[in-house]
Novice: 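Below: one structure in structure tokens.
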Amino acid sequence: MNDSFQNVLFQLERATKLVSFSPDFLKRIAQPNRQIRVSLPIKMDNGMLNVYEGYRVQFNNARGPYKGGIRYHQETDIEEVKALAFLMTLKCAVVNIPMGGGKGGIMVNPKELSKTELERLSRTWMQTLVDVVGPHKDIPAPDMNTTPEIMAWMADEYAKVTGDTTGAVITGKPLEFGGSQGRATATAQGGFYVFEALQEKLGLPEVCRVVIQGFGNAGEHAADIWTKAGHKLIATSDSRAAIRNPEGLDVLALSEHKKTTGSVAGFAGGETFERDELLYQNCDVLIPAALENQIREDNVDRLQSHVVFELANGPTTPEADDQLFARGVSVVPDILANAGGVTVSTFEWEQNLKKEHWSEEEVFAKLKTIMNQESELIFERAQSLQTDLRRAAFVIALERLQQAMKR
Ligand code: NAD
């Protein structure tokens with residue numbers, strides 16, 4: 001059985017030992033408001049019918065409409081979606097945006113479908129769930145293996161069925177279909193604003209030696225943003241290999257190399273080495289931006305970074321978290337570090353509802369204000385509670401949720 005939901009409950013329990021919450025609130029917050037499981041029958045290109053299983057978990061809407069991505073993956077299931085919906089509830093509360101938490105998915109390997117099959121499946125998901133989503137009810141977004149194009153199909157389907165053409169039912173749409181400026185880089189950009197706010201407080205030098213695990217959407221943008229700000233990317237990796245250069249990698253040239261060869265492996269501006277050794281490079285900041293459960297009890301001893309900055313969701317296990325805290329290594333938690341994505345998604349929703357188009361400067365200025373402010377608040381709370389940043393972020397999110405649920 002997938003134990004992701006149990007893991008989140010475990011983290012919740014740890015945080016609630018620090019501050020007292022009402023027992024009724026704790027009972028309510030540990031369960032989703034609604035879990036929906038649907039069958040999605042799709043006519044394949046060869047005329048055969050396949051039935052896929054789809055989900056939407058609406059975890060909590062005390063602070064605003066449910067909000068969270070839809071993932072397409074052959075191994076996703078309702079337990080995983082429920083855990084992610086809970087984390088979205090906390091993440092939206094951490095950055096204090098007017099959204100609740102939800103998540104959705106389809107158990108499918110999208111690589112096995114043609115584009116037309118994928119479009120039919122995406123439209124069917126929306127048709128089937130049209131009554132439970134909506135700009136003021138539940139606003140999905142992209143997640144693993146779902147793209148702006150898929151969001152546009154879903155927005156179009158929603159408009160056809162309901163007549164609501166605002167596009168505010170879904171975020172992460174392409175710009176020409178009502179998407180927001182800055183959405184593509186929002187996660188890394190938001191992460192950088194968090195980093196800026198905490199850099200000095202965490203005792204980091206002015207120019208940091210940065211290591212990034214995963215040169216994908218979040219990681220590649222982060223490499224670009226951090227190095228443009230004057231920091232040095234000394235190593236990075238993808239699913240095939242890792243590459244390092246103690247003098248700093250040329251990010252633009254590395255991106256070009258990856259575009260032509262499909263990997264960072266063999267890049268002439270650095271030394272290619274074993275993928276999993278990346279985590280153990282000596283550096284100031286290690287940014288996991290690939291997969292969950294990368295830093296665990298069995299390998300945490302080998303880490304040599306001053307700060308772990310979680311751009312990925314769930315890269316550090318609770319046991320490793322405790323050991324890092326005991327060693328004085330700060331972990332900037334995912335629910336803060338990568339919340340820039342959902343924050344700009346909320347800006348997209350707001351622009352759609354108000355029929356406005358904000359410039360990239362406007363989007364990033366608003367994002368910076370939020371990320372700087374909430375990072376400082378979490379840091380101060382961690383200090384006053386003498387705890388780590390993850391527990392402090394959980395405490396702040398739970399206090400905001402408790403307040404909203406009293407209304
Ligand atoms: P992506 O698929 O674009 O990139 C993932 C990268 O990791 C790829 O380069 C892949 O080759 C690499 N990778 C896979 N296995 C690896 C391994 N074992 N070692 C090293 N590299 C490996 O995905 P993404 O959108 O960048 O997401 C990465 C993480 O960031 C995920 O945890 C995701 O949940 C989180 N995140 C992303 C966003 C976003 O807006 N993209 C928002 C919030 C959180």
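In each ligand, atom 1 is the first atom listed, and ligand 1 is the first ligand listed. Just so it is clear, the structure is predicted and the values come from calculations on it, not from any experiment. Residue indices begin at 1 and follow the sequence shown. Only heavy atoms go into these numbers, but all of them, side chains included; no hydrogens, no water, no symmetry mates.
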Novice: What do you reckon, does Gln294 have a nitrogen or oxygen under 3.5 Å from a nitrogen or oxygen of ligand 1?
Specialist: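 No.
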Novice: For atom 27 (O) of ligand 1, is there a protein heavy atom at a distance under 4.0 Å?
Specialist: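 Not a single protein heavy atom is under 4.0 Å away.
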Novice: Hey, does Ala312 sit under 4.0 Å from ligand 1 if you only count heavy atoms?
Specialist: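 Checking ligand 1 against Ala312, which is what was asked, there is a heavy-atom contact under 4.0 Å.
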Novice: Using distance alone, decide if ligand 1 has a nitrogen or oxygen within less than 3.5 Å of any nitrogen or oxygen in Asn338.
Specialist: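 No, no N or O pair falls under 3.5 Å.
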Novice: Test of understanding: given a 4.0 Å heavy-atom threshold, classify the contact between Asp238 and ligand 1 as side chain, backbone, both, or neither.
Specialist: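 It is both parts that get close, each with some atom under 4.0 Å.
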Novice: So is there a nitrogen or oxygen of Gly216 less than 3.5 Å from a nitrogen or oxygen in ligand 1?
Specialist: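 N/O-N/O distance below 3.5 Å exists for this pair.
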Novice: Hey, does Leu291 come in under 3.5 Å of ligand 1, counting only N/O atoms on both sides?
Specialist: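 Checking ligand 1 against Leu291, no N or O pair falls under 3.5 Å apart.
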Novice: Going by distance alone, is a donor N or O of one side chain under 3.5 Å from an acceptor N or O of the other, for Thr316 and Asp321?
Specialist: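 Per modelled atom types, Thr316 and Asp321 side chains form no pair under 3.5 Å.
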Novice: Quick check: does Lys91 get an N/O under 3.5 Å from an N/O on ligand 1?
Specialist: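 It does not: no N or O of Lys91 is found under 3.5 Å from an N or O of ligand 1.
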Novice: Please lay out, stage by stage, how Arg390 and Leu336 fare under the test side chain to side chain contact (heavy atoms under 4.5 Å, CB included).
Specialist: CA-CA 8 Å; Arg390 191 185 317 276; Leu336 171 65; over 6 Å; no
Novice: Which word best sums up how the rings of Tyr193 and Phe364 line up, parallel for under 30°, tilted for 30 to 60°, or perpendicular for over 60°?
Specialist: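 Correct class here is perpendicular.
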Novice: State, with a plain yes or no, whether a side-chain heavy atom of Leu202 is found less than 4.5 Å away from one of Val285.
Specialist: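 No, too far: nothing below the 4.5 Å cut-off.
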Novice: Would you say Lys258 and ligand 1 have an N/O pair spaced under 3.5 Å apart?
Specialist: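 N/O-N/O distance below 3.5 Å does not exist for this pair.
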Novice: Nearest heavy atom to atom 5 (C) of ligand 1: which of Ala289, Gly219, Gly341 does it belong to?
Specialist: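 It is Ala289 whose heavy atom sits nearest to atom 5 (C) of ligand 1.
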Novice: Look at atom CZ of Arg28 and say whether more than 12 heavy atoms of other residues, nucleotides or ligands are closer to it than 6.0 Å.
Specialist: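 Result for CZ/Arg28: open.
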Novice: My understanding is that we take every heavy atom of each candidate and find the minimum distance to atom 35 (C) of ligand 1. Doing that for Asp143, Leu279, Leu311, which one comes out nearest?
Specialist: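 The residue whose heavy atom sits nearest atom 35 (C) of ligand 1 is Leu311.
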